[in-house]
**Q** 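Below is one structure. I have some questions about it.
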Amino acid sequence: MMLSAPSQLLERNIELFNDEGWLIINPADAYFTDRLTDLSLDVLHQYFDIYAESVRVIPCTILDSRDILTTQTGIFSDQKVGKHQHFFAPFLSTPQRYSNIVIYLPKAKAHYAMLIKMAASLVQQGGSIYVVGENKGGIKSASKLLSNLGHVDKVDSARHCSLLRCEVAQPQPDFDIQQSLSYFDIAVNGQEATIASLPGVFSHEELDEGTHLLLEKLPSSLRGGILDFACGAGIIGCLLKRQFPHLNISYLDVSALALYSTAHTLAESGLTGTLMAANGLHGVDEQFNHIVTNPPFHTGIKTDYTVTKRFIADAARLITSGGNLHMVANRFLPYPGLLAETFERVQTLAQTNRFSVYQAIKV
Ligand SMILES: C[S@@+](CC[C@H](N)C(=O)[O-])C[C@H]1O[C@@H](n2cnc3c(N)ncnc32)[C@H](O)[C@@H]1O
C-alpha cells in the first residue's frame, strides 16, 4: 500500500522513532504506523477514514451528542492494534506527557494553530514537536507558528515535503478545546440558529452559499428519519429540527472536529441528536426517509467520480421507498447524470450561477 508523501519523508527518518513515548497526530495514511510495529505509541485521528483503516474493524461509530458535550478525555472511540493505541477524537486530554509528537500539517491554518496548542500541552518539558507537511501546503508559515514554542530546525526535506522539529523548553499551558470553538448566528427561512464551529470545519464561522440555497429549497413535506450527511457544524440538521421538530435527525461526518461542533450547535438550540462517525456511508445500515447533503467534493488532478458514485449508490440503498435525496452541488459537476443512473426520478429544484439543488426520488 502507498505511503503518503509526508509519511515517506518520515520513513526516510525512521531512526527518530527509536524511543518510546511518541504521539502521532492525524497521519495521512494508515500505513506509516505499520513501519513501527515494535514501538509502543499513541495515534490521535481527527478523521474517521484513516482511523477505521488503521484499526481495521470499525465500519461506523454511533455517538450521542450529550456524551460528546461531557467528554473529559475527548475520545469518541479507541482501539489497540498490537503496541499501538489509536484514538478517534477531536482532542486528547490525558495526564500522560509524550516525549515526542508529530503533527501532519492540516490544510487550514487555524486548524494547525489549534493542533500546535494541543500538542504543546501534551509534550513533556524538553520534548519535541515535529511537523511534517507538503511544501505547497504552507510549511513555511507552519515553521513560523511553531517557533513560538522554541527554536525550529528543518530535519529533512524530500518528496516536496519538509519535516520540522521544535524542542519545547518551557512548560506550556493546558489545552481547552472550548476556547477554540467559535459561534456565529444564521437565519434562513425565518429560522434563526447559533452555530458552533471549530477550526478545520467546513464554512468555519459562516454559512456556505450552497448550503443556504439548499435550506431555502427543502420542501416542508419532509417526514420521519433524516440523515444530514457530511454534516460539518450541523447547520442543515439543526435548522431542519428547529423548523420541523417532529423530524428524527441523525448527523454523519468523517471529522471528529465536525461532530464535536455539531454537538455544540445542537446544544445552543437546546437539542440533542444521534451522531455518526463514518467514511461516506460505509458501514451505515439504518434506513432513512430522506438524506440531505452538501457533500464533500473530491479534488484531484484527474476528476474522479468513483467516491461520488459510491455515495449515490449507498444513499439509494439506505433511503426507504418513496423517500428522497436532496443535494446541493457546484452546478458544473455532472450530478444529474450520476443521480439518474441510480434514482428513478431526478429534478433540479434551483440553480444559481454557482450551485444547483437536486432532488432524487426513490420510487
Ligand atoms: C461541503 S461540507 C458540508 C458541511 C455542512 N453540511 C454544511 O453545509 O455547512 C462537506 C463535509 O463532508 C465531510 N466529509 C469529507 N469527506 C467525508 C467522508 N468521506 N465521509 C463523510 N463525510 C465527509 C467534511 O468533513 C465536511 O464537513
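Computed from a prediction, not measured in an experiment: that's the story for all the values here. In listed order, ligands and their atoms are each counted from 1.
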**Q** Can you check whether Asp228 has an N/O within less than 3.5 Å of an N/O in ligand 1?
**A** no
**Q** Side chain, backbone, both or neither: which part of Ala233 comes within less than 4.0 Å of ligand 1 when only heavy atoms are counted?
**A** neither
**Q** Judged by non-hydrogen atoms, does Asn279 sit under 4.0 Å from ligand 1?
**A** yes
**Q** Is Ala230 touching ligand 1 with its side chain, its backbone, both, or neither, if touching means heavy atoms under 4.0 Å apart?
**A** both
**Q** So, is Ile236 polar-close to ligand 1, with some N/O to N/O distance under 3.5 Å?
**A** no
**Q** Pairs of nitrogen or oxygen atoms closer than 3.5 Å, one from Thr211 and one from ligand 1: do any exist?
**A** yes
**Q** If the condition is salt bridge (Lys or Arg N to Asp or Glu O under 4.0 Å), which residues does Arg242 pass it with, not counting sequence neighbours?
**A** none
**Q** Tyr112: which residues meet the ring-ring contact (aromatic ring centres under 6.0 Å, His included) condition with it, sequence neighbours left out?
**A** none
**Q** Between Phe32 and Phe17, is the gap from one ring center to the other below 6.0 Å?
**A** yes
**Q** Going by the order shown, which atoms of ligand 1 are within less than 4.0 Å of some heavy atom of Ala278?
**A** 20 (N), 21 (C)
**Q** Under 4.0 Å from any heavy atom of Ser203, which atoms of ligand 1 are there?
**A** 9 (O)
**Q** At a 4.0 Å threshold, what atoms of ligand 1 neighbour a non-hydrogen atom of Asn294?
**A** 1 (C), 2 (S), 3 (C), 8 (O), 10 (C)
**Q** Is there a continuous path of hydrophobic side-chain contacts, each under 4.5 Å between heavy atoms, that joins Ile50 to Leu281?
**A** no
**Q** Assign the ring pair Phe91 / Phe175 to parallel, tilted or perpendicular, where the plane angle (0 to 90°) is split at 30° and 60°.
**A** tilted
**Q** Hey, is Pro295 one of the residues with a heavy atom under 4.0 angstrom from ligand 1?
**A** yes
**Q** So between Asp208, Asp253, Asp49, whose heavy atom ends up nearest atom 25 (O) of ligand 1?
**A** Asp253
**Q** For the side chain of Asp253 and the backbone of Cys231, is there at least one donor-acceptor N/O pair under 3.5 Å apart?
**A** yes
**Q** Of all the atoms in ligand 1, which lie at a distance below 4.0 Å from a heavy atom belonging to Gly280?
**A** 18 (C), 19 (N), 20 (N), 21 (C)
**Q** Ring-plane angle category for Phe311 and Phe229, please: parallel below 30°, perpendicular beyond 60°, tilted otherwise.
**A** parallel
**Q** Where does the angle between the aromatic ring planes of Phe76 and Tyr260 fall among parallel (under 30°), tilted (30 to 60°) and perpendicular (over 60°)?
**A** parallel
**Q** Give a yes or no answer on whether the side chain of Lys217 reaches the backbone of Leu349 with a donor-acceptor pair at less than 3.5 Å.
**A** no
**Q** Would Ser255 count as being in polar contact with ligand 1, using the rule that some N or O on each side must be under 3.5 angstrom apart?
**A** no
